Amino acid sequence: MIGLADCNNFYASCERVFNPKIKGKPVVVLSNNDGCVIARSNEAKALNIKMGEPAFKIKPILQKHKVHIFSTNFALYGDLSERVMNTLKSEINKVEVYSIDEAFLDFSDFSSFDRAMSIRKKVKQWTGIPISIGIAPTKTLAKVANHIAKKSTKEGVFVLRERDITRSLQHLAVEDIWGVGRRNAFKLKQYGVYTALDFTNVNIEWLRRKFSINAVRLQKELKGERCYELELKKTKKKNICTSRSFGKETNNYNIIKQAVSNFANTCAVKLRNERSCCYKISVFLMTNRHKASAVQHFPYITLNFNTPTSDSFEIVSKANIALQTIYNNACIYKKAGVIVQSIVSENEVQASLFDTIDRKKRNRLMCSIDKINMLMGRDKIRLAAQGFDRKWKLKQEKLSPCYTTRFSDILSVNI
DNA sequence: TCTGGGGTCCTAGGACCC
DNA sequence: TCTGGGGTCCTAGGACCC
């Protein structure tokens, strides 16, 4: 059997761990720039606050019910996620960390309701985060089991046995199947497929023809045939993207250049952490698509490196060449981003015949910079192009302390 | 006033080869 | 009159996930 452990309302729960005052109260966490609701406590869900809703649209509800609002604090969530995963690993040998708040667990040795309950209790006790566990024969069914654990059990644990599969699928809407999104749910309903059970009953050839190979796999998984195994090896990323909306829209070239330089540098740092190099870099800009009256412009350009690189100097300067090409000062931009692509492992780099850079020396320099920044704080050493004033930076008005990752933010206790 | 960020996989179609 | 068949590789766009 495969288990799926999923943290309940993860970001909202993180905010509560070190702030007991907000227990039992409605809590929402907003996306970057304090834009949309991306996490809700049960009390906030009960107020009918929807996932992804722009905060400014529901301001009256938030005020009326005294909802506690937080900006995203990824330093906190990332750290608590690691604690949860480590606790799971202390109980289960094979754990696939699937996302910041989810992990697949190998229950092939023995799976029981009681074992899952004790794991759940341990995670709560050790980290303060409540989780739900669903257990079933395949990953997709484990997702179903988790769904049931969250919605219909008091304990937060559900074991989906073979004999109960049909009954469970009957009560699961087709759009709630893992891997069926909005588009395909709409399409399926047009053909009269409304529940997960309906989905398991459609002709497999028809499914292959009308949808994709994934739909076929999905059907098999729902019937208990395993198509997806646990992925225990960490794989290298194939693309790395850093992008942000600006706190304030702008057409100022220098501000945008600073932002793009910072995003490009972050991509380079991420590449070096992965021990990878990239062949290509793309830069994009976006105007505010919600503003009907504004001139819209979504330029995007990709440039190549002759030799794959993770060098900040090269990546940032190439990003700036790209920016120069696509920037148009008649437009007010809302967002910019840098993507590095065609990624290869750093020990598989094929150098260009005409390469002129002393790469060994540059690598040592980058290593030193990374080390110093690790010890002394992010961007302590930076490229001049990154600048200091950060006029493009995001809005984060409701940021909670980094309780676990910054010395000055550690809680003090009065006895 | 105000609307997120970071990924993966699949497919169709174009360009090219012999 | 009449215009093939079998491939590979790359890319953009779509769909999905959290």
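Note that these values count all heavy atoms, side chains included, but never hydrogens, waters or copies made by symmetry. Quick note on labels: first sequence line is chain A, next is B, and so on, each numbered from 1. Since the structure is predicted, the reported quantities are computational estimates derived from the model, not experimental observations.
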Worksheet item: CG of A:Asp176 versus P of C:dC16: gap in Å, rounded?
Response: 13 Å
Worksheet, complete the sentence: Checking B:dG7, B:dT3, B:dC10 against the side chain of A:Lys237 (C-beta onward), the nearest is B:dG7
Practice prompt. Return no unless some side-chain N or O of A:Arg244 is found under 4.0 Å from OP1 or OP2 of B:dG6.
Written response: yes
Practice prompt. Check whether any side-chain N or O of A:Lys291 sits under 4.0 Å from OP1 or OP2 of B:dT3, and answer yes or no.
Written response: no
Worksheet entry | Phosphate contact (B:dT1 OP1 or OP2) by A:Lys248 side-chain N/O below 4.0 Å | no
Practice prompt. Tell me whether the OP1 or OP2 atom of B:dT3 has a side-chain N or O from A:Lys50 closer than 4.0 Å.
Written response: no
Practice prompt. Indicate the ring-plane relationship of A:Trp178 and A:Tyr228, choosing parallel, tilted or perpendicular according to the 30° and 60° boundaries.
Written response: perpendicular
Worksheet item: When you check the gap from the basic side-chain N to the acidic O, do A:Lys139 and A:Glu229 get nearer than 4.0 Å?
Response: no
Worksheet item: Any idea which of B:dG4, B:dT3, C:dC18 is nearest the A:Lys143 side chain?
Response: C:dC18
Discussion item. Within the 4.0 Å heavy-atom criterion, would you say A:Ile213 contacts the bases, only the backbone, or no part of the nucleic acid?
Written reply: sugar-phosphate
Worksheet item: Given atom CG of A:Leu394 and atom P of B:dT1, what is their separation to the nearest angstrom?
Response: 22 Å
Practice prompt. Give one of base, sugar-phosphate or nothing for A:Lys238, where a contact means two heavy atoms less than 4.0 Å apart.
Written response: sugar-phosphate
Fill in: Sugar-phosphate only, base, or nothing, as touched by A:Ile58 at under 4.0 Å among non-hydrogen atoms
nothing
Worksheet item: Going by heavy atoms in the side chains, are A:Met1 and A:Pro137 under 4.5 Å from each other?
Response: yes
Fill in: Whole-Å distance separating the CG atom of A:Asn239 from the P atom of B:dG6
12 Å
Worksheet item: How are the rings of A:Tyr327 and A:Tyr333 set relative to one another: parallel (under 30°), tilted (30 to 60°) or perpendicular (over 60°)?
Response: tilted
Worksheet item: Can you tell me how far P of B:dG5 sits from NZ of A:Lys393, to the nearest Å?
Response: 16 Å
Worksheet item: Between A:Phe74 (CZ) and B:dG7 (P), how many Å, whole number?
Response: 12 Å
Worksheet item: Does the side chain of A:Gln170 pick up a donor-acceptor pair with the side chain of A:Asp198 at under 3.5 Å?
Response: no
Worksheet item: Do the side chains of A:Thr72 and A:Ser31 get nearer than 4.5 Å, heavy atoms only?
Response: no
Worksheet item: What's the CD-P distance between A:Gln341 and C:dC10, to the nearest Å?
Response: 14 Å
Worksheet item: Should A:Arg208 be listed as having a side-chain N or O under 4.0 Å from OP1 or OP2 of B:dT11?
Response: yes
Worksheet item: Looking at A:Asn33, does any N or O in its side chain come under 4.0 Å of the phosphate oxygens OP1/OP2 on B:dT3?
Response: no
Worksheet item: With a non-hydrogen cut-off below 4.0 angstrom, is A:Thr242 in contact with a base, only sugar-phosphate, or nothing?
Response: sugar-phosphate
Discussion item. Once you measure the plane-to-plane angle for A:Phe284 and A:Tyr300, does it fall in the parallel (<30°), tilted (30-60°) or perpendicular (>60°) bin?
Written reply: parallel
Worksheet item: Which nucleotide in the set B:dG6, C:dC18, B:dT8 lies at the smallest distance from any side-chain heavy atom of A:Asp101?
Response: C:dC18
Discussion item. Does A:Trp206, at its CH2 atom, have more than 12 non-hydrogen atoms belonging to other residues, nucleotides or ligands within less than 6.0 Å?
Written reply: yes
Item to complete: Would you indicate what A:Glu102 reaches in the nucleic acid, counting non-hydrogen atoms under 4.0 angstrom: base, sugar-phosphate, or nothing?
Response: sugar-phosphate
Worksheet item: Under 4.0 Å between a side-chain N or O of A:Ser212 and OP1 or OP2 of C:dA15?
Response: no
Worksheet item: Within less than 4.0 Å of OP1 or OP2 of B:dG5, is there a side-chain N or O belonging to A:Ser245?
Response: yes
Worksheet item: Can you tell me if the side-chain N/O atoms of A:Lys334 get under 4.0 Å from OP1 or OP2 in B:dG5?
Response: no
Worksheet item: When you match A:Lys236 and A:His290 each to their closest nucleotide on DNA chain B, which lands nearer the 5' end?
Response: A:His290
Worksheet item: Between B:dG4 atom C1' and A:Met51 atom CE, what is the distance in whole Å?
Response: 10 Å
Worksheet item: Which is true for A:Arg289 with a 4.0 Å heavy-atom rule: it touches a base, it touches only sugar-phosphate, or it touches nothing?
Response: nothing
Item to complete: For C:dC16, take OP1 and OP2 only and decide whether either is under 4.0 Å from a side-chain N or O of A:Asn184.
Response: yes
Worksheet item: Hey, does A:Lys280 reach any base, or is it just sugar-phosphate, or nothing, if we go heavy atoms under 4.0 Å?
Response: sugar-phosphate
Item to complete: Classify the nucleic acid contact of A:Ile240 as base, sugar-phosphate or nothing, counting any heavy atom under 4.0 Å across all strands shown.
Response: sugar-phosphate
Discussion item. Does A:Asn32 reach a base, just sugar-phosphate, or nothing at all? Heavy atoms under 4.0 Å.
Written reply: sugar-phosphate
Fill in: Any A:Arg217 side-chain nitrogen or oxygen under 4.0 Å from OP1 or OP2 of B:dC10
yes
Worksheet item: Which whole-number value in Å describes the distance from A:Glu397 CD to B:dG4 P?
Response: 16 Å
Worksheet item: With respect to the side chain of A:Cys241, which nucleotide from B:dC2, B:dG6, B:dG4 is positioned closest?
Response: B:dG6
Discussion item. Counting only side-chain heavy atoms from C-beta out, which of C:dC17, B:dG4, B:dC2 sits nearest to A:Cys36?
Written reply: B:dG4
